[in-house]
Amino acid sequence: MRLSVAFRYAHRSHASIRRSRAGVKVLNSENRFIPVNSAVYLRVREASSTGGTSETVVCFKSHPRKNDGPLYESAVGDIVQRSREELKAIREPNPGLKPTLAIIQAGEDDGLLEVNKKMAGKIGLNVMQICLPHQCREEEVIEEILRLNADSRVHGIFLHLPQSFLSKSVCNAIKPQKDVDGVSDLNVGRVVLGDQRDGFASPVAGAVLEMLARHDAPLVGKMAVLLGLEGPLKATLQFLLQNNGMMVQTHQWSSKHLQKQIMDSDVVVFLETGHKGLPPTWLRPGVAVINLSSALMEEQPNSWEHRAEAESSAGVGPLSAALRMQHVVRSSRRWIQEQQYQPWRLRPLKLQSLSPVPSDIEISRAQTPKPISQLAQEIGLLPEELEAYGNTKAKVHLSLLNRLQHQPNGKYVLVAGITPTPLGEGKSTVTIGLVQALSAHLKLNSFACLRQPSQGPTFGVKGGAAGGGYAQVIPMEEFNLHLTGDIHAITAANNLVAAAIDARILHEATQSDRALYSRLVPSVNGVRCFSPIQMARLQHLGINKSDPSGLTPEEVRAFVRLDLDPEKVTWQRVVDTNDRFLRKITVGQANTEKGHARQTQFDIAVASEIMAILALTDGLADMRARLGLMVVGSSRNGQSITADDLGVTGALAVLMKDAIKPTLMQTLEGTPVFVHAGPFANIAHGNSSVLADKLALKLVGEEGYVVTEAGFGADIGMEKFFNIKCRTSGLRPDVVVLVATVRALKMHGGGPNVTAGVPLPKEYINENLQLVADGCSNLKKQIQIAHLFGVSVVVALNVFKTDTQAEIDMVCRIAEASGASAAVQCHHWSRGGRGSVELAHAVKKVASQKNHFQFLYNLQDSIVEKIRTIAQKVYGADDIELSPEAQAKIDHYNQQGFGALPICMAKTHLSLSHMPEKKGVPTGFILPIRDIRASIGAGFIYPLVGTMSTMPGLPTRPCFYDIDLDPVTEEIKGLF
């Protein structure tokens with residue numbers, strides 16, 4: 001008895017399949033074998049290699065066995081043996097691999113399945129049969145093909161369909177890598193070109209060639225007639241025979257002078273139509289005649305079950321089946337090879353720099369980026385790992401981490417900076433210039449990992465964050481505006497939590513326990529049940545019940561009442577705009593809120609704890625768990641209330657499911673960039689995501705480089721990178737690139753204030769060695785901070801056109817004297833990657849040296865001691881001063897068990913101290929801690945230093961004055 005598999009249109013009944021190498025057995029629910037005398041529709045429960053089960057509906061039909069006969073058994077045996085040995089070699093390092101051939105057919109016939117299944121069993125393959133209705137539409141066939149294309153367990157697809165079904169759309173729907181019957185245009189084209197290294201030729205055509213090769217007479221110069229063949233098989237067989245030196249004529253049964261052509265031929269390969277056959281009188285002695293009808297099992301007009309039987313073709317069926325299985329084995333081998341790390345084939349884009357340097361947006365538009373799919377292919381990403389957002393950016397699936405889990409990481413480079421001016425000192429520009437130099441000029445694999453810019457600075461003071469000059473991410477408009485919507489997703493998720501908080505406070509204040517319970521656990525079609533997240537809350541409360549009717553009044557009250565204290569809500573709404581008037585607001589003033597008004601505030605979106613979670617998570621499950629742990633406030637009895645308690649966690653995960661994937665873009669020179677997570681290391685975590693870094697470290701390979709960026713000065717962004725991000729990720733940097741500018745050093749040396757939108761004072765334009773020398777104290781301090789963590793430093797001096805050579809040489813000399821392993825001048829802004837080649841060489845050299853990384857503090861230290869350690873060792877403070885509010889919160893967090901979390905300081909980025917006007921290296925100050933928050937989901941304690949605000953404001957003349965849109969060309973103007 002033989003069984004066909006996977007008929008999706010059948011009715012269901014209760015039985016299961018037991019699979020073994022020997023075949024398939026049918027069992028009923030009592031595990032007794034049941035007879036199968038006709039079509040039976042069953043439900044299949046099949047155990048997977050991971051221990052789970054999958055279920056589908058299948059059709060089984062009995063069919064008598066056939067004896068294929070001894071003809072060409074040696075050829076079949078050779079192919080089977082080679083395939084078995086090849087599969088064994090593939091499976092040794094991949095024991096879970098079980099290649100599968102999927103057969104799509106119209107109707108329930110099992111004739112062809114028997115031949116293929118028997119052959120598959122000899123080799124060790126699976127066979128899956130999908131039976132579609134006789135009258136199925138083309139769309140249904142294509143739908144099945146696309147489903148199988150996406151199934152990584154299927155390595156071959158065979159269309160056992162009447163010729164009328166095999167349209168070009170159907171044949172070309174098959175993924176060429178799985179087209180083991182060679183029916184797609186791509187695979188046929190490879191045969192025509194004589195190049196089958198990456199494709200498959202028709203196994204039926206291969207069987208014909210194999211049979212002819214076993215004749216004693218050579219094929220060269222012989223005449224072959226192909227009769228009644230159509231489509232891909234006809235083209236494939238014609239060119240295979242011609243490539244072996246034969247002359248080939250193709251005819252239909254209705255062709256004129258057919259008898260003469262047959263009688264003049266040495267080989268006749270035909271496919272019967274209706275009841276037509278070749279009269280024996282047409283065949284001259286010695287002619288080789290091969291009937292493909294039994295191999296193809298072409299539908300006959302009288303009966304689908306009718307099969308032509310011819311002794312001359314007895315071996316075509318088994319031989320073609322053996323070749324088909326060989327193709328499945330080779331397809332699986334190619335699939336395994338695709339899953340391995342692929343060497344890069346990066347094609348850099350040529351960069352023609354101009355002088356004077358045009359505006360950033362003009363430079364960006366002058367370069368035509370590669371299609372993002374091409375870049376992805378060049379760096380070893382698989383098509384299924386890419387989710388395109390237009391032609392120049394794409395999300396990358398996290399499945400890449402599983403595929404390359406055994407691939408060693410590349411070198412890990414952190415770009416930080418000295419304390420900046422309000423204009424910024426070019427860390428992003430240095431990061432991009434460095435990777436352009438590494439990849440486009442030194443031919444080393446490298447990846448930049450940048451943070452998505454906030455619309456606050458983009459329309460406020462600082463402008464965009466795509467880099468600048470000839471070191472940019474392109475297209476810069478897309479980079480700076482919306483990108484793939486991650487910040488919008490964070491805003492939506494954050495504000496959903498805020499809405500849930502106020503709604504819950506209102507509903508608890510205006511309803512009885514019974515009314516709340518009835519609404520929280522409603523009756524649907526007469527049935528009440530807890531949702532999964534409500535079950536989790538019950539378990540958290542210690543209530544081990546699942547029947548809503550079984551709770552006592554006390555348990556109902558504990559379940560429905562969070563009892564959030566409006567005065568102790570710590571969760572704020574967010575918006576991605578600099579809006580100072582949202583720093584303190586009142587909500588709930590409408591009459592519908594029944595007097596439940598309270599004071600609250602808005603933060604800028606990138607300061608949301610959800611952004612920090614996105615930056616620190618290592619996957620979907622971890623992100624969902626972290627979202628659930630977020631503390632939104634306290635109850636009136638002092639208990640922390642979380643997003644899980646609100647019941648909103650699952651919805652948050654849904655809103656964030658796409659945002660968790662890093663976005664792939666490219667630099668001006670066509671090198672890859674990941675954009676993920678957000679900015680603002682002064683009021684937030686301020687580093688690119690752990691996931692982006694991990695993906696990039698796998699992709700660059702062991703000899704490659706990942707250059708990731710930390711926000712603002714080393715005292716803020718770098719400190720958080722080491723103490724928070726490295727603890728979470730387990731990654732350790734190989735070198736720090738510390739960015740400095742002569743402009744910033746002059747400011748720290750006592751130069752006038754630098755103000756955005758105002759021309760620079762003459763001190764910053766003219767040479768002034770004394771200001772530079774005095775300002776290098778800040779550079780020296782930042783080098784020392786990096787050394788606190790045991791990491792070597794390369795100073796990158798971002799050169800401006802107003803800098804003199806004497807100033808440049810002085811900075812490099814002082815930097816090296818202060819402990820930097822190297823200090824080099826960088827001209828990437830005006831020259832692109834070639835302007836940072838010296839920096840790339842220095843980074844390569846220093847990164848190869850062993851460092852002695854260490855954390856600054858122990859997590860088991862008290863919250864106060866951890867804050868004091870950062871203040872004294874990093875900022876240079878004499879001590880810290882806690883406000884009564886901050887001390888009370890520290891006591892509360894200790895009681896809640898949050899004392900062992902790392903610290904994320906919210907402090908001005910314009911000074912090492914809490915006073916923005918204090919430049920250089922301030923000393924003798926006490927660091928005031930005004931307030932403390934707990935970001936439990938993100939996993940850190942969040943002290944607010946001095947007057948630090950989590951909502952920036954707009955200046956007198958924001959950037960938006962210069963931003964406009966051309967309504968004809970739709971080009972954006974004024975972005976920088």
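Hydrogens, waters and symmetry mates play no part in the numbers below; they use all other heavy atoms, side chains included. By convention here, the first residue in the shown sequence is residue 1.
No hydrogens or angles considered: a donor-acceptor pair under 3.5 Å links the side chains of S454 and D576. Using modelled atom types and a 3.5 Å distance limit, the side chains of N778 and T419 yield a donor-acceptor pair. With hydrogens and angles left out, the side-chain atoms of Q601 and D603 include a donor and acceptor closer than 3.5 Å. A donor-acceptor pair shorter than 3.5 Å cannot be found between the side chains of S439 and E669.
Note on ring orientation: taking the six-membered ring where Trp is involved, the planes of F853 and F789 are parallel (angle under 30°, cut-offs 30° and 60°).
Between K781 and D715 there is no salt bridge, since none of the side-chain N atoms of the basic residue sits less than 4.0 Å from a carboxylate O of the acidic one. A salt bridge links D931 with K889: the closest approach of a Lys/Arg side-chain nitrogen to an acidic carboxylate oxygen falls below 4.0 angstrom. A salt bridge links K725 with D693: the closest approach of a Lys/Arg side-chain nitrogen to an acidic carboxylate oxygen falls below 4.0 angstrom. E425 has a carboxylate O that lies under 4.0 Å from a charged side-chain N of R743, or vice versa, which qualifies the two as a salt bridge.
Minimum interatomic distance between Y857 and I903 (heavy atoms only, all atoms of both residues): OH-N, 3.0 Å.
For F721 and Y412, the ring centers are positioned less than 6.0 Å apart.
Relative to the six-membered ring of F602, R583 misses at least one condition, a distance below 6.0 Å or an angle of at most 45° to the axis.
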Can you give each donor-acceptor pair under 3.5 Å made by side-chain atoms of residues 810-819, sequence neighbours left out, with the distance rounded to 0.1 Å?
from : atom 1 : to   : atom 2 : distance (Å)
E816 : OE2    : A823 : N      : 3.3
S818 : OG     : I814 : O      : 2.8

Please list every donor-acceptor pair under 3.5 Å in which a side-chain atom of residues 921-930 meets a protein atom from a residue at least two apart or in another chain.
from : atom 1 : to   : atom 2 : distance (Å)
R930 : NE     : G946 : O      : 2.7
R930 : NH2    : M948 : O      : 2.6

Using distance only, find each side-chain donor-acceptor pair of residues 829-841 under 3.5 Å and give its atom names and separation, not counting sequence neighbours.
from : atom 1 : to   : atom 2 : distance (Å)
S830 : OG     : H827 : O      : 3.4
R834 : NH2    : S353 : OG     : 3.3
S836 : OG     : H828 : ND1    : 2.9

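Side chain of K866 to backbone of G899: a donor-acceptor contact under 3.5 angstrom is found.
Atom CG of D809 sits in a crowded spot, with more than 12 heavy atoms from other residues, nucleotides or ligands closer than 6.0 Å.
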